[in-house]
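First up is the structure itself, then whatever we jot down about it.
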Amino acid sequence: MPTNKDLAELLFPEVKLTIEDLEAKYPLRNLPEGAEVTRFAPSPTGFLHTGSLFTSMISYYVAKHSKGVYFFRLEDTDTKRTIVGSEVDLLNQLSIFGINADEGYSLDGDRGIYGPYKQSERREIYKIVIKELISRGRAYPDFCTPEDLEKIRASQEANKVLPGYYGIYARDRNLSVEERITKINAGVPYVIRFKSNGNHERKTSFDDAIRGTIELQDNDTDVVILKSDGLPTYHFAHVVDDHFMRTTLISRGEEWIPSTPIHLDMYSALGWKAPRYAHIPSIMKLDYGNKRKLSKRKDPEAAVSYFLKEGYPTNAIKVYLMSIANSNFEEWTIQNNSYDLDAFPFSIERMSLDGALFDQDKLNYFSKEILAKMPLEEEFVLVKAWAKEYNEEFFSYIVKDEEYFKKILNIEKDRPNPRKDYAKYSDIYPLIKYFYKDKWDEIFSRGLSFKETLSREDIVSLLKDIKENMLFGSDESSWWNGFKEIAARDGFAISNKEYKLNPGAFKGNISDASEILRVVVTGANQSPNLHEILEILGKEEVIRRIDTVISC
RNA sequence: GGCCCCAUGGUCAAUCGGUUAAGACGGAACCCUCUCAAGGUUCAAUGACAGGUUCGACUCCUGUUGGGGUCGCCA
């Protein structure tokens with residue numbers, strides 16, 4: 001009578017090692033008390049998702065603050081969905097955000113002794129565990145075709161019972177070893193399923209690091225652990241990898257809560273201690289009045305690349321995400337006058353339990369704060385790098401005269417309450433184009449629009465006076481006083497009070513006079529501090545612009 | 001549909017049985033002001049519902065409702 005051991009040997013004759021060997025190969029980590037081993041384990045199926053960045057940040061900071069280890073594992077077991085090369089984008093984007101792993105899969109190969117860190121290279125390990133599971137009767141080959149499974153499902157639906165491969169519906173779970181061997185020798189295709197001893201009527205519970213005790217129905221499904229392509233499923237790979245990589249805390253999306261009993265079932269079948277789980281709430285979005293998970297397909301902001309392209313400082317994005325993760329973070333930033341995430345005592349217990357709606361306004365707010373307070377040189381480097389990648393024209397103007405661009409960037413920056421015009425790098429260029437001669441010419445050729453109450457003659461005569469008499473190279477208050485004199489001479493009221501008292505006596509208010517200059521110089525009726533703009537442009541260019549307007 | 005998770009202003013939320021129910025974003029108003037961006041001051045806006053437990057409930061329990069998730073040889 002052949003035994004399960006014979007079956008295992010038939011299936012995996014090449015496998016000689018045992019689980020014990022693996023235990024020895026991957027020793028327990030020698031870490032201080034309380035240190036957490038966490039990981040980020042994405043599939044190479046596209047660019048980094050905003051929710052993934054969120055989860056990876058949490059894992060990263062938990063490990064960092066507990067003096068533990070944060071590692072990166074590539075879960076490339078779904079060959080159909082894999083996008084070749086996307087792990088490069090994933091890793092690059094993570095590194096742009098400074099979420100660098102202590103060990104794991106990287107572009108320069110594996111770092112660390114718990115590898116390989118790429119699941120497709122861990123086939124041997126999975127086989128060792130599966131072979132042992134089969135000899136112990138806790139896993140078995142299942143010969144159902146997709147059509148067979150469909151039939152089972154259809155009958156379950158017809159009978160209104162729970163769909164799935166369990167109990168009496170697990171067609172092949174009670175096949176005799178002989179029958180299995182016969183089929184295998186006949187070349188019938190198969191998958192390997194885990195044989196669950198669970199009882200659906202009973203409950204299992206576990207202690208979630210964020211949510212506390214969660215009670216679920218016990219798993220009784222014989223899940224597939226090895227697919228017909230020889231690669232493991234997530235359920236199995238997770239259990240094996242996180243056991244042998246000695247992970248202590250699994251942080252993953254809350255969509256995994258319902259399948260946790262499967263994982264617990266396997267841990268217990270293998271006699272392993274399960275790690276703790278932290279199920280992270282999803283980031284949501286409001287869609288026609290309904291909350292739903294950010295979707296990569298529908299929402300541009302679901303991909304981290306969107307924010308990079310828009311030119312948000314990476315720190316702003318992290319700060320926003322941290323404000324969702326720990327709501328006391330915002331108060332902390334105010335109290336400490338700092339956006340230094342490394343210094344913030346992040347706590348996983350403090351995480352809120354429901355999914356936050358993605359709030360672009362709040363992101364913009366943080367981003368403006370961060371950009372406004374960023375030192376000029378630092379901002380310059382970042383803007384330049386962004387422009388190089390995403391806005392060629394902008395970049396060409398920056399490099400033409402870097403010092404000139406720095407002056408523009410520095411407008412009203414070096415003061416206690418700096419300007420907050422820009423939430424992202426892409427906001428900059430449209431607002432500063434007029435500083436460049438040929439761009440101003442373009443603006444001018446499209447026509448300037450002055451206030452309707454002012455006549456062409458009034459405008460021209462004021463401009464002529466400005467051209468002749470306005471101060472350059474002086475401090476702001478002297479310039480302003482001089483400007484007021486000019487305006488007064490040309491029939492403008494130099495104070496609001498004066499104007500309101502007798503509007504008929506004036507061509508306009510001082511604000512109208514300065515608006516004329518502003519429109520001429522910038523092409524717009526709104527701009528930052530005029531004095532700074534005039535000084536940056538220089539006398540020659542300002543007069544050129546005035547002349548162009550006068551003579552048109 | 002079964003099972004699970006969640007529930008304080010428009011958004012993010014504090015409170016861990018006793019508060020006039022914080023704070024931030026966003027909104028509104030006013031002040032400042034050569035426009036704008038800021039800044040300052042002020043305002044509006046929250047415990048889903050119904051039962052319990054308790055001297056006392058936003059807080060604990062039960063149910064309802066609502067929202068989300070999950071039920072694959074995808075992760």
Side-chain angles (χ1 to χ4, degrees), chain A residues 41-43 45 75-81 142 144-146 149 153 157 160-165 189-193 200 203 208 211 214-217 221 223-235 237-238 252-261 279 281-282 284 286 290-293 320 323-331 333-334 352-366 368 372 411-412 415-422 431 480 483-484 487 492 494-496 509-519 522 524-531:
Chain A
S43 302
T45 52
E75 308 219 321
D76 60 341
T77 57
D78 185 355
T79 46
K80 288 184 215 81
R81 287 201 317 150
D142 165 39
C144 286
T145 62
L149 294 173
R153 164 170 298 274
E157 269 166 25
K160 295 212 168 24
V161 298
L162 250 83
Y165 201 86
Y190 62 89
V191 296
I192 305 291
R193 285 182 185 269
H200 204 62
K203 301 271 189 180
D208 189 276
R211 291 159 202 271
I214 294 180
E215 200 177 60
L216 292 143
Q217 285 175 329
T221 300
V223 292
V224 173
I225 56 179
L226 197 72
K227 299 182 281 186
S228 52
D229 61 7
L231 256 11
T233 56
Y234 170 86
H235 298 306
H238 148 54
R252 46 148 63 156
E254 63 180 335
E255 67 271 18
W256 289 106
I257 293 175
S259 45
T260 306
H279 288 100
S282 326
M284 315 291 276
L286 212 52
N290 293 319
K291 246 177 149 184
R292 60 167 171 75
K293 249 175 89 173
Y320 171 64
S323 82
I324 295 179
N326 268 189
S327 64
N328 58 319
F329 172 62
E330 222 180 317
E331 269 180 52
T333 63
I334 294 166
S352 89
L353 306 180
D354 65 339
L357 242 31
F358 187 84
D359 187 346
Q360 187 102 26
D361 282 332
K362 194 98 187 206
L363 203 215
N364 285 343
Y365 161 76
F366 283 127
K368 281 185 176 186
I411 293 173
E412 294 179 65
R415 49 172 75 183
N417 288 317
R419 276 195 85 78
K420 293 175 186 168
D421 279 326
Y422 320 127
L431 289 174
W480 181 240
F483 185 79
K484 281 201 286 197
F492 289 87
I494 57 164
S495 81
N496 254 324
N509 193 1
I510 184 70
S511 61
D512 297 321
S514 47
E515 186 176 304
I516 290 170
L517 216 210
R518 171 170 289 113
V519 170
T522 70
N525 56 11
Q526 294 172 2
S527 81
N529 186 305
L530 250 183
H531 176 69

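Here is how names work: the chains are called A, B, and so on, in the same order as the sequence lines, proteins then strands, and each is numbered from 1. Keep in mind it's a predicted model, so treat the numbers as computed, not measured.
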Fill in the blank from the handout: Applying side chain to side chain donor-acceptor pair (under 3.5 Å) to Gln217(A) and not counting sequence neighbours gives His200(A)
Handout entry: Rounded distance in Å - CH2 (Trp256(A)) to P (C3(B))
Key = 22 Å
Practice task
Report the residues that fulfil salt bridge (Lys or Arg N to Asp or Glu O under 4.0 Å) with Asp421(A), sequence neighbours left out, ordered by chain and then residue number.
Solution key: Arg419(A)
Handout entry: Glu255(A) CD to U70(B) P, straight-line distance once rounded to whole Å
Key = 6 Å
Exercise for the section: Tell me whether the OP1 or OP2 atom of C74(B) has a side-chain N or O from Ser43(A) closer than 4.0 Å. Expected result: no
Completion exercise
Protein heavy-atom contacts under 4.0 Å, written 5' to 3' over nucleotides 4-12 of chain B as B (base), S (sugar-phosphate only) or - (none), form the string SSSS---BS
Exercise for the section: Tell me, please, which residues at least two apart from Gln360(A) pass side chain to side chain donor-acceptor pair (under 3.5 Å). Expected result: Tyr312(A)
Practice task
Please check if any side-chain donor atom of Arg252(A) sits under 3.5 Å from a side-chain acceptor atom of His279(A), or the reverse.
Solution key: yes
Problem - Distance between C1' atoms of G9(B) and G17(B) (Å, rounded) - result: 23 Å
Practice task
Determine the interatomic distance between C1' on C12(B) and the same-named atom on U70(B); round to the nearest Å.
Solution key: 27 Å
Handout entry: Test of ring centre spacing under 6.0 Å for Tyr320(A) and Phe358(A)
Key = yes
Exercise for the section: Pick the P atom in G18(B) and in C58(B), then give their distance to the nearest Å. Expected result: 10 Å
Practice task
Quick one: list whatever passes salt bridge (Lys or Arg N to Asp or Glu O under 4.0 Å) with Lys484(A), sequence neighbours left out.
Solution key: none
Practice task
Pick the P atom in G23(B) and in U15(B), then give their distance to the nearest Å.
Solution key: 15 Å
Handout entry: For Asp142(A), salt bridge (Lys or Arg N to Asp or Glu O under 4.0 Å) partners two or more places apart
Key = Arg193(A)
Exercise for the section: Respond yes when some side-chain nitrogen or oxygen of Tyr365(A) is under 4.0 Å from OP1 or OP2 of C25(B), and no when none is. Expected result: yes
Problem - P spacing across the pair A37(B) / A29(B), given as an integer number of angstrom - result: 13 Å
Exercise for the section: Using a heavy-atom cut-off of under 4.0 Å over every strand shown, decide if Thr221(A) touches base, sugar-phosphate, or nothing. Expected result: nothing
Exercise for the section: Map every base of RNA chain B to its dot-bracket character, where paired means a Watson-Crick or G-U wobble contact with both distances under 3.5 Å and | marks a partner outside the strand. Expected result: (((((((..(((.....[....))).(((((.......)))))....(((((..]....))))))))))))....
Practice task
Flag the pair Arg415(A) and Glu412(A) as a salt bridge only when some basic side-chain nitrogen lies within less than 4.0 angstrom of an acidic carboxylate oxygen.
Solution key: yes
Exercise for the section: Examine C73(B): is either OP1 or OP2 under 4.0 Å from a nitrogen or oxygen in the side chain of Arg193(A)? Give yes or no. Expected result: yes
Completion exercise
By ring pair (Phe, Tyr, Trp, His ring centres under 6.0 Å), His235(A) pairs with (sequence neighbours left out) His263(A)
Practice task
Report, as a single string ordered 5' to 3', how protein heavy atoms within less than 4.0 Å touch nucleotides 32-38 of chain B: B base, S sugar-phosphate only, - not at all.
Solution key: --BBBBS
Problem - Results of ring pair (Phe, Tyr, Trp, His ring centres under 6.0 Å) for Tyr165(A) - residues two or more places apart only - result: none
Handout entry: First of His200(A) and Ile334(A) reached from the 5' end of RNA chain B, by closest nucleotide
Key = His200(A)
Exercise for the section: Using the P atom as the reference point in each nucleotide, state the distance between U53(B) and C61(B) in Å, no decimals. Expected result: 15 Å
Exercise for the section: Name all residues meeting the salt bridge (Lys or Arg N to Asp or Glu O under 4.0 Å) criterion together with Arg81(A); count only those two or more places apart in sequence or in a different chain, and write none if there are none. Expected result: Asp78(A)
Problem - C1'-based separation of C30(B) from G66(B) [nearest Å] - result: 40 Å
Practice task
Name the nucleic acid region contacted by Val224(A), choosing base, sugar-phosphate or nothing; use a 4.0 angstrom heavy-atom cut-off, strictly under.
Solution key: sugar-phosphate
Handout entry: 5' precedence on RNA chain B between Glu331(A) and Glu75(A) (nearest-nucleotide basis)
Key = Glu331(A)
Problem - Euclidean distance for C1', C32(B) against A38(B) (whole angstrom) - result: 11 Å
Problem - Contacts of Ser282(A) that satisfy side-chain contact (heavy atoms from CB on, under 4.5 Å) - sequence neighbours left out - result: Glu254(A), Glu255(A), Met284(A), Lys293(A)
